[in-house]
Q: 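Here it is: the structure, laid out below.
Computed from a predicted structure; not experimentally measured.
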Amino acid sequence: MIRTGLLFLAGFSLALSAGWWSMPRLLYREEPQPLQFSHIAHTGEKGGMSCEDCHSFREDGTFAGIPRLEACAGCHSAPLGETQAEKEFIAKFVEPGIEPQWKVYSRQPDNAWFPHAAHVLRGKVACETCHGGIGKSDSLPPYRVHRITGYPEDVMGKRAGPLGLRRAGGMRMDDCVACHRQNRIEHSCLDCHK
């Protein structure tokens, strides 16, 4: 009787441990970006561009997001460097005039509205606060999307801590509310939900 109980407990513990480590990995799938992109080649010493050169605001203050092909084609109608990624970009997108279908790491639900202008221009919040060091990266990180919700891992938050119980670096509502509380900023539901 005791031996059966111990075997059950050992099997249960093993199954729980396996599920604890494998289930979160199974919840996400990786999707490829249209091609690799080096932010540092554009913003570093060689490129000299700022984030706002590509990720700008429209005249009405709304955020333009990922630049359109025409903005890239202004410089990349012919290869400027020797990289395979640039040659591929020109051949696959610029010459035929096809807009790249970039996966957006920070895609929010349709009922949520994030006013970039209020945060970046008026609040002086640095892009790195929410988007991390992607502006200094030489290649794009893997785009991982939650199989059930359809939201990117960057929005949901990556598992953190020794047991993976906490989330870190997310862009969910509780992350925004925590930031507002930390900075003593009042908000209402209609500020973000239209």
Q: For Ser77, enumerate each residue passing the side-chain contact (heavy atoms from CB on, under 4.5 Å) test, keeping only those at least two apart in sequence or located in another chain.
A: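 With sequence neighbours excluded, Ser77 shows a side-chain contact (heavy atoms from CB on, under 4.5 Å) to no residue whatsoever.
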
Q: Taking NZ in Lys87 as the centre, count heavy atoms belonging to other residues, nucleotides or ligands within less than 6.0 Å. Is the count above 12?
A: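 Yes.
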
Q: Would you indicate whether Glu186, at its atom CD, is surrounded by more than 12 heavy atoms from other residues, nucleotides or ligands within a distance under 6.0 Å?
A: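 No, CD of Glu186 has 12 or fewer neighbouring heavy atoms, counting only those of other groups under 6.0 Å.
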
Q: Taking the side chain as C-beta and beyond, is there a heavy-atom pair between Tyr151 and Met171 under 4.5 Å?
A: no

Q: Side-chain contact test, heavy atoms from C-beta onward, threshold under 4.5 Å: evaluate it for His39 versus Lys136 and give yes or no.
A: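 Of all side-chain heavy-atom pairs linking Lys136 with His39, none is under 4.5 Å.
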
Q: Would Ile134 and Trp102 show up in the same hydrophobic cluster when neighbours are defined by side-chain heavy atoms closer than 4.5 Å?
A: yes

Q: Looking at Arg58 and Phe63, would you say the former's side chain and the latter's main chain have a donor-acceptor pair under 3.5 Å?
A: yes

Q: Backbone N or O of Leu80 within a donor-acceptor pair of the Glu86 side chain at under 3.5 Å?
A: yes

Q: Mind checking whether Ile148 and Met156 sit in one hydrophobic cluster, side chains of I, L, V, M, F, W, Y counted as touching below 4.5 Å?
A: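 Same cluster: Ile148 reaches Met156 through Ile, Leu, Val, Met, Phe, Trp or Tyr contacts under 4.5 Å.
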
Q: Counting heavy atoms not belonging to Asp110, are there more than 12 under 6.0 Å from its CG?
A: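 Open: at most 12 neighbouring heavy atoms sit under 6.0 Å from CG of Asp110.
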
Q: Between Pro100 and Leu69, is any pair of side-chain heavy atoms under 4.5 Å apart?
A: yes

Q: Without swapping roles, check the side chain of His55 against the backbone of Gly65 for a donor-acceptor pair under 3.5 Å.
A: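 Yes.
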
Q: Determine yes or no for a side-chain-to-main-chain donor-acceptor pair under 3.5 angstrom, with Gln101 supplying the side chain and Glu99 the backbone.
A: yes

Q: Can you get from Ile98 to Val104 by hopping between Ile, Leu, Val, Met, Phe, Trp and Tyr side chains that sit under 4.5 Å apart?
A: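 Looking at the clustering, Val104 is in the same group as Ile98.
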
Q: Is the ring pair Phe114/His119 parallel, tilted or perpendicular, if the boundaries are 30 and 60 degrees?
A: parallel

Q: Using every non-hydrogen atom in the two residues, find where Ala78 and Ile90 come nearest and quote the distance to one decimal.
A: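 Closest heavy-atom pair between Ala78 and Ile90: C-CD1, 3.4 Å.
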
Q: Could you tell me whether Met49 atom CE has more than 12 heavy atoms of other residues or ligands within 6.0 Å of it?
A: yes

Q: Which heavy atom in Phe57 sits nearest to a heavy atom in Ala117, and how many Å separate them?
A: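 Smallest heavy-atom distance, with atoms named: CE2-N, 3.3 Å.
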
Q: Roughly how far, to the nearest 0.5 Å, is CZ of Arg144 from CD of Glu31?
A: 11.5 Å

Q: Say you draw a straight line from CD of Glu52 to SG of Cys127; how long is it, rounded to the nearest 0.5 Å?
A: 6.0 Å

Q: Under a 3.5 Å distance rule, please check whether Gln108 uses its side chain to pair with a backbone N or O of Trp113 as donor and acceptor.
A: no

Q: Mind checking the CD-CZ spacing from Gln84 to Phe89? Nearest 0.5 Å is all I need.
A: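 Between atom CD of Gln84 and atom CZ of Phe89 there are 14.0 Å.
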
Q: Side chains of Val145 and Glu153: closer than 4.5 Å at any heavy-atom pair?
A: no

Q: Please determine whether the number of non-hydrogen atoms from other residues, nucleotides or ligands lying under 6.0 Å from atom CZ of Arg107 exceeds 12.
A: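 Enclosed.
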
Q: State plainly whether one hydrophobic cluster holds both Val120 and Ile185, where clusters connect Ile, Leu, Val, Met, Phe, Trp and Tyr through side-chain heavy atoms under 4.5 angstrom apart.
A: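 Cluster IDs for Val120 and Ile185 differ.
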
Q: Nearest heavy-atom pair of Leu140 and Leu35: which atoms, and what distance?
A: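 Shortest heavy-atom contact: CD1-O, 3.8 Å.
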
Q: Taking all non-hydrogen atoms of both residues into account, name the closest pair between Pro141 and Tyr105 and its distance.
A: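 That would be O-OH, 2.6 Å.
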
Q: More than 12 non-hydrogen atoms from neighbouring residues, nucleotides or ligands closer than 6.0 Å to CZ on Arg29, yes or no?
A: yes

Q: Has Arg147 got more than 12 heavy atoms of other residues, nucleotides or ligands less than 6.0 Å from its CZ?
A: yes

Q: Could you check if a side-chain atom of Ser106 sits within less than 4.5 angstrom of a side-chain atom of His131, using non-hydrogen atoms only?
A: yes

Q: Within the structure provided, determine whether Phe93 and Cys72 are in side-chain contact (heavy-atom separation under 4.5 Å).
A: no

Q: Centre-to-centre under 6.0 Å for Phe37 and His42, is that the case here?
A: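 Between His42 and Phe37, which both carry aromatic rings, the centre distance is below 6.0 Å.
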
